[in-house]
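Whatever order the structure lists ligands and atoms in, that order sets their numbers, starting from 1.
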Amino acid sequence: MDYDVKDLGLAKHGYMRIEWAETSMPVLRLVRKRFAKERPLRGIRIAACLHVTSETANLMQTLQAGGADVRLCASNPLSTQDDVAASLVADDNIPTFSIKGEDNKTYYKHIHSALGHQPTITMDDGADLVSLLHSGRTTHKIIGGTEETTTGVIRLRSMAKKGVLKFPVISVNDADTKHMFDNRYGTGQSTLDGVIRATNRLITGSTVVIAGYGWCGRGIATRAKGLGADVVITEIDPLKALEALMDGYRVMPMEQAALIGDFFITVTGDLKVIRAEHFNAMKDGAIVCNSGHFNVEIDIPALEKLARRRKMVREGVEQFVLANGRRINLLGEGRLVNLAMAEGHPSSVMDMSFANQALSVEFLVKHGRSLKKQVYPVPAVIDKEIARLKLAGMGVKIDKLTKEQEKYLASWEMGT
Ligand code: ADE
């Protein structure tokens with residue numbers, strides 16, 4: 001079997017962690033059970049470019065149980081869990097191409113390898129695989145794809161708008177059972193987890209500057225506040241800035257925030273949000289990291305240029321000494337801190353995200369050939385069903401409308 005992982009000797013440890021994740025993924029477990037019985041993905045070849053984690057392993061096993069021939073590569077050079085990659089190869093016979101810390105050349109070589117079986121379905125987290133496919137390869141066998149994250153969806157919408165997208169893609173990110181939980185609670189907890197594991201610094205009493213108040217920013221702000229931080233939000237969108245203000249945070253431009261922050265976390269999806277003028281204004285010892293998809297939000301080339309000296313001061317923490325003598329600490333090379341320095345979102349939220357992925361693939365197999373070359377939402381029935389199953393898995397019951405209430409909601413005559 002074709003594969004490229006760090007060390008197959010890590011498989012036993014990876015297997016244990018995949019099993020541990022499974023216990024918090026009841027919705028995906030139900031999907032897997034049905035897939036194993038019905039085999040709806042028989043004959044389907046899937047190329048997946050995702051963060052190679054214990055949760056992703058559970059998704060791969062689910063797709064395989066459905067009959068799919070799956071190949072997997074990483075969607076970020078620093079997010080791979082090498083033990084999980086080893087177990088996928090050794091225990092599940094899934095060709096996996098990912099090594100934590102791989103260089104850019106290897107990263108793209110691995111994406112090429114994942115495409116080695118001429119996929120009929122693509123699965124992306126950040127749209128790197130789809131982008132590569134659109135650079136000269138034949139795509140006529142592809143029924144469609146799925147996309148996991150906000151940044152990927154933005155890229156795909158731009159491709160669709162310019163008329164260059166060659167097959168339909170389902171935006172898993174836009175499902176309510178994805179972004180309301182994964183982006184908010186998943187990013188919230190795992191980002192603070194990454195910062196704490198990397199630095200072992202006390203959050204309470206510190207000022208945490210969060211750039212971007214989308215779903216991810218909101219989640220991080222809630223958790224930072226819960227840990228006792230004074231939270232400052234920077235935004236470019238007046239609506240989101242207002243929301244942050246009324247949620248109880250201070251809002252100001254990065255130029256001002258740079259002067260007071262102890263921690264800086266970017267989650268904007270845009271580039272150069274923290275630049276040379278901000279680094280120069282920061283306090284000695286400031287900690288800077290990113291939890292957005294790409295490592296472009298912090299202007300690292302500018303930081304490198306400003307630095308008189310640089311050295312690793314802890315695992316994954318690089319310190320840059322500026323001309324003013326102040327030390328700026330960069331976490332995880334400016335890559336997703338929650339995956340580079342911790343284990344990514346907890347399994348319980350990935351349960352919903354990946355149930356959306358699996359059911360969207362099944363939907364594409366059934367209906368993809370009649371879709372246009374556009375970006376589509378996850379069908380609302382799938383989204384609702386995942387919420388229902390998640391509640392059931394948590395043992396929570398909810399009310400039902402009475403007949404009278406249904407009638408009231410359906411009528412326009414009954415004002416009082
Ligand atoms: N993205 C964020 N957290 C993740 C995880 N645990 N697994 C896969 N993708 C992720």
(request) Please confirm whether K225 makes a cation-pi placement over Y249, using NZ or CZ under 6.0 Å from the six-membered ring centre and within 45° of the ring normal. (result) yes
(message) We want to know whether D91 and S87 form a side-chain donor-acceptor pair, criterion being a heavy-atom distance below 3.5 angstrom.
(response) yes
(request) Give yes or no for whether the N/O distance cutoff of 3.5 Å, strictly under, is met between N338 and ligand 1. (result) no
(request) Give the residue and atom name of whichever protein heavy atom lies nearest to atom 1 (N) of ligand 1, and the separation in Å to one decimal. (result) H51 CD2, 3.6 Å
(message) Would you say S98 and H110 are linked by a side-chain donor-acceptor pair, where the criterion is simply a distance under 3.5 Å?
(response) no
(request) Answer yes or no: is there a side-chain heavy-atom contact under 4.5 Å between R197 and E343? (result) yes
(request) Name the closest protein heavy atom to atom 10 (C) of ligand 1, giving the residue it belongs to and the distance to 0.1 Å. (result) M350 CE, 3.6 Å
(request) Measure across V27 and A355 and return the closest heavy-atom pair with its distance rounded to 0.1 Å. (result) CG1-CB, 3.6 Å
(request) Please identify which atoms of ligand 1 are closer than 4.0 Å to at least one heavy atom of F354. (result) 8 (C)
(request) Using non-hydrogen atoms of the residue, decide whether T56 is closer than 4.0 angstrom to ligand 1. (result) yes
(message) Does the Lys NZ or Arg CZ of R218 fall within the cation-pi geometry relative to W215 - under 6.0 Å from the ring centre and within 45° of the axis?
(response) yes
(request) Looking only at distances, please establish whether an N/O atom of ligand 1 is found under 3.5 Å from an N/O atom of H345. (result) yes
(request) Answer yes or no for E343: is there a heavy-atom contact with ligand 1 below 4.0 Å? (result) yes
(request) Please report which non-hydrogen protein atom sits nearest to atom 7 (N) of ligand 1, along with the residue it belongs to and the distance in Å to one decimal place. (result) T53 OG1, 2.6 Å
